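Values in this document were obtained by computation on a predicted structure and should not be read as measured data. As a basis for the values below, the full set of heavy atoms in this structure was taken, side chains included, without hydrogen atoms, waters or symmetry mates. Chain letters run A, B, ... following the sequence lines, proteins first and then strands; every chain starts at 1.
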Amino acid sequence: MKMRTSEYMVRETLISLKRHNWMSIASISTVAVSLFVLGIFMILVLNMNRMASFLESQVQISVYLKDDLSKEDIRGIGDDIRGLQGIDTVAFISRSDAEKRLRERLGEQAYLLDALGEENPLPDSYEVTVRDPSMVETAAKAIAEFSGVEQTKYGQDVVEHLFDITRLIRIFGLVLMLLLAGATLFIISNTIRLTVFARRKEVAIMKYVGATDWFIRWPFMLEGVVMGFAGGVIAAIALKLVYAAAAAKIYDTLAFFPLIPEQPFMTIIGMLIVISGMAIGALGSSISLKRFLKV
Amino acid sequence: MIDMKNVSVIYDNGAVALENVNVHIGKGEFVFIVGASGAGKSTFVKLLLREILPTSGAIRVNGKDVVHMQHDEVPYLRRGLGVIFQDYRLLPEKTVFENVAFAMQVIEAPRRKMQRSVNSVLDVVGLREKYKCFPNQLSGGEQQRVAIARAIVNDPAILIADEPTGNLDPETSWEIMDIFRRINAVGTTIVMATHDKTIVDTMKKRVIAINDGHIVRDDVRGGYGYEDADK
C-alpha cells in the first residue's frame, strides 16, 4: 500500500474511534469481557487437562504374586512384564517391604498388625506403570494371565471416570469458547455496522468518485482490529493478574496441585487472547462490511 | 462516449422504468435529459454510473462495456465520470478544500498534484478564497459549486448532473449553468437531468425527453417542449 494511503487509513481509523468514543469504549469493554471469560476457560481447560494427565500417569498396576514361588520364578515374571509393550517401570515389592509400608501408612494404628504375630499376610508384588494411561487395562489383563500371578489391580473405576470427566471438560470448554467467540464476533460486527452507518455519506461519495472496495473497507477493518486488539490487551492483563493471585492461593492451600507454572504459560495465553481479539475484530468488521457496503 | 442500445430496465416489482432506449452521446456534447418525475431520468443516470444494471440491452460508457463489467472494474468506470446531485452531498465536517481533495485522496492520487488540482478547480467554480469554510457556512449555490469542483477535480471525461439546480433559485441556477458551460467548453461531455424549463429553453442544447420510460424526443437544439411533460 502506498505510504500516503496508509497514513490516510490510520488517520481515518483514529478519527472514527474518537468520534464514536462511547461506542468504541463500549465495544472494547465487551470484547475485553468476552475474551476474559474465554481466557478463563482456556486456562481452566488446560489446567484440568494437565491435572487429568498427571493423575492418569499416577495410575499403576499392582501385580500380586502367588505364595511359594522361587526367586527365579519371581524374577522371570518381572522380566515377562518388562517384555510387554508400553510398560514404563516395573518395581518389585517384597512381602516384608509391603508390610513396612503398611505399617507406615497405618501410623499409630500399626499395633493392629501386631495381632497377627509373626505371620505376614501380604504377598510379594510388582508395581507396574505404563507409558500411556489408556493402556492400563490391556496391560493389567495380560499380566493377570501369567502363571504365578494371583491377581492384578488398578483403579479401574477411577481411571475410567477420569477419562469421562476430562472428555466432558474438553467438550464443554470447546463449546463455550465457540459460543463466546460468536458473541464477540456479533458485538464487533454490530459496532462496525454502526460506524459504517454513521459514515454512510462518506462511503457513498467514495463510491461515486471511484474509490475501490478495499480502499473503502480498510479503515473499518482497521477499526475492528484495533478494538479487538485493545479488548484483547485488557483481557490478557486481567487474566495474568487473576492467574497470579489464584496460583498464590492454591499453592498456599493445595501445595501438591499440579498447576501450570505462570511463565511462559500466561504469556502464551495472553498472546493467544490478543491475537484472537484481532482476528475476531477483522472477521467481525468484514461480516458487517459485506452486508452494508454493497457497492 | 455514451452508447445505449435497446436498453430496458424493469424493476423487481414489474415496473418498467426504461423500455428499448437507444441513445448515442458523443464527446464534448452538452445534453439535457428532461421529463417529469418518475419518467425514467434517474434510472438513466443510475445506468451510466452502474448503480443499476439494465434488464436487457447494451451500454458503453467511455469505451467500457458497463453491462459485462467485473465488479472490481466499477471504480475505474466511475473515475472517468463526475457526478453532481441536487442535494450537493458534501461532508459537513470537512472544509471546502478537504471536500474537494477527498475525491483525489480516495483514488490515491499523488499528493503533490492534489494541492494544484484542488486550487485550480476551486478557481473554476470561483471559490478559491473560501477554501477554509465549512459547508454550513456557505450558501446553497456555493455548496453546489463545491460539489462541481469535487466532480471535476479528477478530470472526468463525462460530467453527470442529476437535477443540479433543483434546490437553487433562478439566479444561482444560472451561475451553475455558466460554470457547466465553461467546463463543457474545454471538452468535457455534460449530461444533465433536469426539469427546469427556463434553463433548457435558454441554453439551446441537445434535449432528450423521456416520458414513461421511452425517449419521446431527441432534438439537437431543443427546448423543453411538451408542456404536459412537467405536470
Side-chain angles (χ1 to χ4, degrees), chain A residues 1-24 191-224 282 285-295, chain B residues 45-46 48-52 61-62 64 69-85 87-94 98-115 135 146-147 149-162:
Chain A
M1 200 185 300
K2 295 173 193 164
M3 194 55 211
R4 61 179 170 277
T5 305
S6 39
E7 261 179 59
Y8 164 86
M9 297 296 173
V10 171
R11 203 176 56 237
E12 289 301 305
T13 305
L14 292 179
I15 288 173
S16 174
L17 281 169
K18 215 168 91 186
R19 191 181 298 153
H20 311 288
N21 58 9
W22 278 110
M23 268 316 295
S24 308
T191 310
I192 296 297
R193 196 183 66 173
L194 287 173
T195 323
V196 175
F197 186 74
R199 302 182 62 187
R200 63 195 181 285
K201 276 174 114 181
E202 254 164 279
V203 169
I205 292 166
M206 285 162 106
K207 286 185 204 164
Y208 281 126
V209 299
T212 58
D213 288 0
W214 269 107
F215 189 92
I216 298 174
R217 275 192 201 114
W218 261 110
F220 296 116
M221 291 287 280
L222 265 184
E223 196 177 335
S285 327
S286 58
I287 288 174
S288 59
L289 290 179
K290 208 175 201 146
R291 281 170 56 199
F292 297 97
L293 270 195
K294 277 263 171 270
V295 189
Chain B
V45 168
K46 282 182 180 154
L48 297 181
L49 292 169
R50 204 186 184 272
E51 270 188 75
I52 55 170
V61 174
N62 270 346
K64 295 190 169 87
M69 180 174 274
Q70 295 290 318
H71 179 76
D72 56 8
E73 292 175 65
V74 175
Y76 301 95
L77 166 76
R78 292 183 183 159
R79 288 179 193 190
L81 308 170
V83 210
I84 299 155
F85 300 95
D87 54 359
Y88 326 132
R89 304 201 186 169
L90 301 176
L91 297 172
E93 73 280 6
K94 286 190 188 328
E98 287 166 346
N99 263 290
V100 177
F102 184 70
M104 295 189 80
Q105 251 170 11
V106 301
I107 65 163
E108 306 181 63
R111 189 178 284 167
R112 275 175 296 107
K113 209 180 137 196
M114 210 179 290
Q115 184 81 32
V146 177
R150 183 180 62 195
I152 61 172
V153 73
N154 290 323
D155 244 331
I158 303 171
L159 185 63
I160 298 167
D162 192 359

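Residues meeting the side-chain contact (heavy atoms from CB on, under 4.5 Å) test with B/L48, sequence neighbours left out: B/I2, B/M4, B/F44, B/V61, B/I160, B/V191.
When heavy atoms are compared at a cutoff of 4.5 Å, B/L77 does not approach chain A at all. Only the side chain of A/F215 comes within contact range of chain B, with heavy atoms under 4.5 Å apart. Only the side chain of B/P92 comes within contact range of chain A, with heavy atoms under 4.5 Å apart.
In this structure, B/R78 contributes its side chain and B/R50 its backbone to a donor-acceptor pair below 3.5 Å.
The side-chain tip of A/R217 does not point at the ring of A/F220 from less than 6.0 angstrom away and within 45° of straight on.
In this structure the side chain of B/N99 never reaches within 4.5 angstrom of the side chain of B/Y88, judged on heavy atoms.
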